[in-house]
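Everything below concerns the one structure shown next.
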2 protein chains.
Amino acid sequence: MKASQMGRNKEINEQMKDERKEQIFSSALKLFARRGLSATKISDIATAAGFSQGLIYHYFKSKDEIYIQLIKMAFAKLNSAAEQLDALDLPPLQKIKLAYQSLMQGLVTNEDASLTHLLIATAAASDSVPVKAKQIIQEQYFFPYQVMTRIIKAGQKTGSINNKNPKELALLFWSTIRGLSIYRAVHTESFLVPDVDIILEMFKHKEK
Amino acid sequence: MKASQMGRNKEINEQMKDERKEQIFSSALKLFARRGLSATKISDIATAAGFSQGLIYHYFKSKDEIYIQLIKMAFAKLNSAAEQLDALDLPPLQKIKLAYQSLMQGLVTNEDASLTHLLIATAAASDSVPVKAKQIIQEQYFFPYQVMTRIIKAGQKTGSINNKNPKELALLFWSTIRGLSIYRAVHTESFLVPDVDIILEMFKHKEK
DNA sequence: GTCTATATCCAGATAGAC
DNA sequence: GTCTATCTGGATATAGAC
């Protein structure tokens, strides 16, 4: 067999392996988000992904490893979105508006996005996640808060945002988002997206 | 032995039993809220409460039973508070203000209150709680939303609250509370209570 | 009422056939 | 690569001594 062929086969195999892993991640996300790490059985994940329990171990070393990877991916998504928002050339209040709208858009149209937020919320609140996951959470959790605080401070400088404590405002923004994420992940049917203008009232500068 | 004595002993025994149960509930609340149902071992609860693992079964039939009782108690507390708020003779906006302030007060000064909120949030979001717990959640979860919606509608009638969709406003109120509860339960140190006036801006009627 | 010892079960992980 | 069978550990719940 020629070397070039071997290279191609290897590539194809790699690709198939990645697809399998994707399947596993997708099933595991649903289960971990809604049932938690320890209540989710490897066999649940395998069944949901459509193959046998033993095969999981061909792709992952352990249940914890899948969980840790998912946490990594969840934060990567959220924080790169925050980064992009930060970099946009928009007035601060518009950034907040856009952030809220895209987050809600994700919650409503994209079940995975919704579950990703739920996973982050539960993982962050949990005392029983693997050490490695805990480390990732500690390193990454505050990034969106920092971005939001920065945006708020910018808005206060130009006068479009009121002079409340920027950390309190940022905390409120993300608390609201997390609260809504949880609600939405659970009450899929009865979720109606609160009008962005209500949210913005918390931030707007008020004339005396 | 006289009947009156037996009665008294029985009473005292009952009381001691209740105290023991209280100990168990208190330890279990911490653990269930922070680690979840299935990651919490009976032996963890026993150790935290200061006695042997086997003894738990003298007071409770199973781990699930403890959990179910705790869920019941958590909703009883929250919903009776909501009921009291509803009954108060205050203008709607003042009720909202008071609700937020007492909730935050609880979060900051009372660790159990904080954990109770966390327990409700995680239990409601979870797919792996005992059926009985799920039933209780379904029956009781929406009560605070209903109360808040009613208060908001009252305020809209008198003109003190703006004319946004009352269900959206109620959803926002409780989402914010839940988000803050989670944050507080986890980041005990860095929690600063957002000024109530920021919250109220979402509800206030704005002059054109 | 409380403890220790143990039966039982179940889930994670491995081994080995195909 | 995929499956079935199995090992192993650990946790719930029970039994029985004190």
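Every value quoted in this text rests on a predicted model; they were computed, and no experiment measured them. So you know, we letter chains A, B, ... as the sequences are listed, proteins then strands, and number each from 1.
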Ignoring hydrogens and angles, tell me if any N or O in the side chain of A/Glu65 forms a donor-acceptor pair with the backbone of A/Lys61 under 3.5 Å.
yes

Quickly work out the B/Phe60 CZ to D/dT14 C1' distance and round it to whole Å.
18 Å

Between A/Glu201 and A/Lys204, is there a side-chain N and carboxylate O pair less than 4.0 Å apart?
yes

Nearest-angstrom distance from the residue atom CD1 of B/Ile56 to P of D/dA11:
15 Å

Here the distance between atom P of C/dG1 and atom CG of B/Asp18, to the nearest Å, is 11 Å

Roughly how many Å is it from CG in B/Asp64 to C1' in D/dA13, rounded to a whole number?
12 Å

Side chain of B/Lys63 (C-beta onward), nearest among D/dT12, C/dC3, C/dG1
D/dT12

Choose from C/dA13, D/dG1, D/dT14 the nucleotide whose nearest atom is closest to any side-chain atom of B/Gln53.
D/dT14

Which part of the nucleic acid, if any, lies within reach of B/Thr40 when heavy atoms closer than 4.0 Å are counted: base, sugar-phosphate only, or nothing?
sugar-phosphate

Parallel under 30°, tilted from 30 to 60°, perpendicular over 60°: which one fits the rings of B/Phe32 and B/Tyr67?
perpendicular

Check whether any side-chain N or O of B/Tyr57 sits under 4.0 Å from OP1 or OP2 of D/dA13, and answer yes or no.
yes

Are the aromatic ring centres of B/Phe25 and B/Tyr59 under 6.0 angstrom apart?
no

Measure the distance from CG on A/Asn13 to P on D/dT2 and round it to the nearest whole Å.
10 Å

Can you check the B/His58 NE2 to C/dG1 P distance for me, whole Å?
5 Å

Considering only heavy side-chain atoms of B/Lys41, the closest of D/dG1, D/dT12, C/dG1 is D/dT12

Atom pair distance, as rounded to whole Å: CD1 in B/Ile24 and C1' in C/dT2:
12 Å

Using whole Å, what does the distance between atom C1' of nucleotide C/dT14 and atom CD1 of A/Ile42 come to?
13 Å

